Undergrad: 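Supplied in structure tokens, the structure appears directly below.
Please read these numbers as outputs of a predicted model, since none were measured by experiment.
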Amino acid sequence: QVHLEESGGDLVQPGGSLRLSCAASGTIFSIGTMAWYREGPGSKRELVGTITASGTTNLADSVKGRFTISRDNAEKRVYLQMNSLNPEDPAVYYCNANVKLEAWSGAKNYWGQGTQVTVSS
């Protein structure tokens, strides 16, 4: 019953900024690492960045210095702040979360359906 829903995707000018958000809902005991992926036109889904439950982040080289991942554990939400967007960044951005439904269960990855980011002049 885990559901991830992304929001915040939009059409933005080159050099502009967007903040994506992903909220987890359902019967959840805990959420471990959360991540953002993106899938550009004609491209396979690629990892943008991750953030652990304790807040340790890792970003792809292509977005370092421009994107920031953060999370709000109380809200079961992960954010992707995207600055200095360029034509390399348009894609469907997907949220991923490693979730335990119960304390005794194994964790499983869940995906959101994605939110579209378009960069255009």
Undergrad: Hey, could you give me the NZ/CD1 distance between K76 and I31, rounded to the nearest 0.5 Å?
TA: 6.5 Å
Undergrad: What are the two closest heavy atoms between L85 and M82, and how far apart are they?
TA: CD2-CB, 3.9 Å
Undergrad: With a 4.5 Å cut-off on side-chain heavy atoms, are T115 and L20 touching?
TA: yes
Undergrad: Please report the C-alpha distance between I51 and W36 in whole Å, then the side-chain angles of each, then the deciding distance to 0.1 Å, and finally whether the side chain to side chain contact (heavy atoms under 4.5 Å, CB included) criterion is met.
TA: CA-CA 9 Å; I51 181 166; W36 286 98; over 6 Å; no
Undergrad: Working to the nearest 0.5 angstrom, can you tell me the gap between T27 OG1 and E102 CD?
TA: 7.5 Å
Undergrad: Could you tell me the separation between the CG atom of L59 and the OG1 atom of T50, rounded to the nearest 0.5 Å?
TA: 7.5 Å
Undergrad: Does S54 offer a backbone N or O that forms a donor-acceptor pair with the side chain of R71 under 3.5 Å?
TA: no
Undergrad: Roughly how far apart are N98 CG and T33 OG1, rounded to 0.5 Å?
TA: 6.5 Å
Undergrad: Salt bridge or not between R38 and E46? Use side-chain N to carboxylate O under 4.0 Å.
TA: yes
Undergrad: How about I28 and K100: do any of their side-chain heavy atoms sit closer than 4.5 Å?
TA: no
Undergrad: Determine which pairs satisfy ring pair (Phe, Tyr, Trp, His ring centres under 6.0 Å) with at least one residue from residues 91-121, sequence neighbours left out, and list them in order.
TA: Y37-W111
Undergrad: Does the side chain of L101 reach to within under 4.5 Å of the side chain of V2, using non-hydrogen atoms?
TA: yes
Undergrad: Calculate, to the nearest 0.5 Å, the distance between atoms CE and OG1 belonging to M34 and T57 respectively.
TA: 14.5 Å
Undergrad: Less than 3.5 Å apart, which donor and acceptor atoms pair up between the side chains of residues 4-18 and the rest of the protein, not counting sequence neighbours?
TA:
residue	atom	partner	partner atom	Å
E6	OE1	Q113	N	3.2
E6	OE1	G114	N	2.8
E6	OE2	C95	N	2.7
E6	OE2	G114	N	3.2
S17	OG	N83	OD1	2.9

Undergrad: For E39, does the CD atom have more than 12 heavy-atom neighbours from other residues, nucleotides or ligands under 6.0 Å away?
TA: yes
Undergrad: If I take atom OH from residue Y79 and atom OG from residue S70, how far apart are they, to the nearest 0.5 angstrom?
TA: 7.0 Å
Undergrad: What about L47 and L80, same hydrophobic cluster or not, with Ile/Leu/Val/Met/Phe/Trp/Tyr joined at side-chain heavy-atom distances under 4.5 Å?
TA: no
Undergrad: If only atom types and distance count, is the side chain of R66 paired as donor or acceptor with the main-chain N or O of S84 below 3.5 Å?
TA: yes
Undergrad: Indicate yes or no: at least one non-hydrogen side-chain atom of P90 is less than 4.5 angstrom from one of V117.
TA: no
Undergrad: Quick check: closest heavy atoms across R77 and S21, and the distance to 0.1 Å?
TA: NH1-OG, 2.7 Å
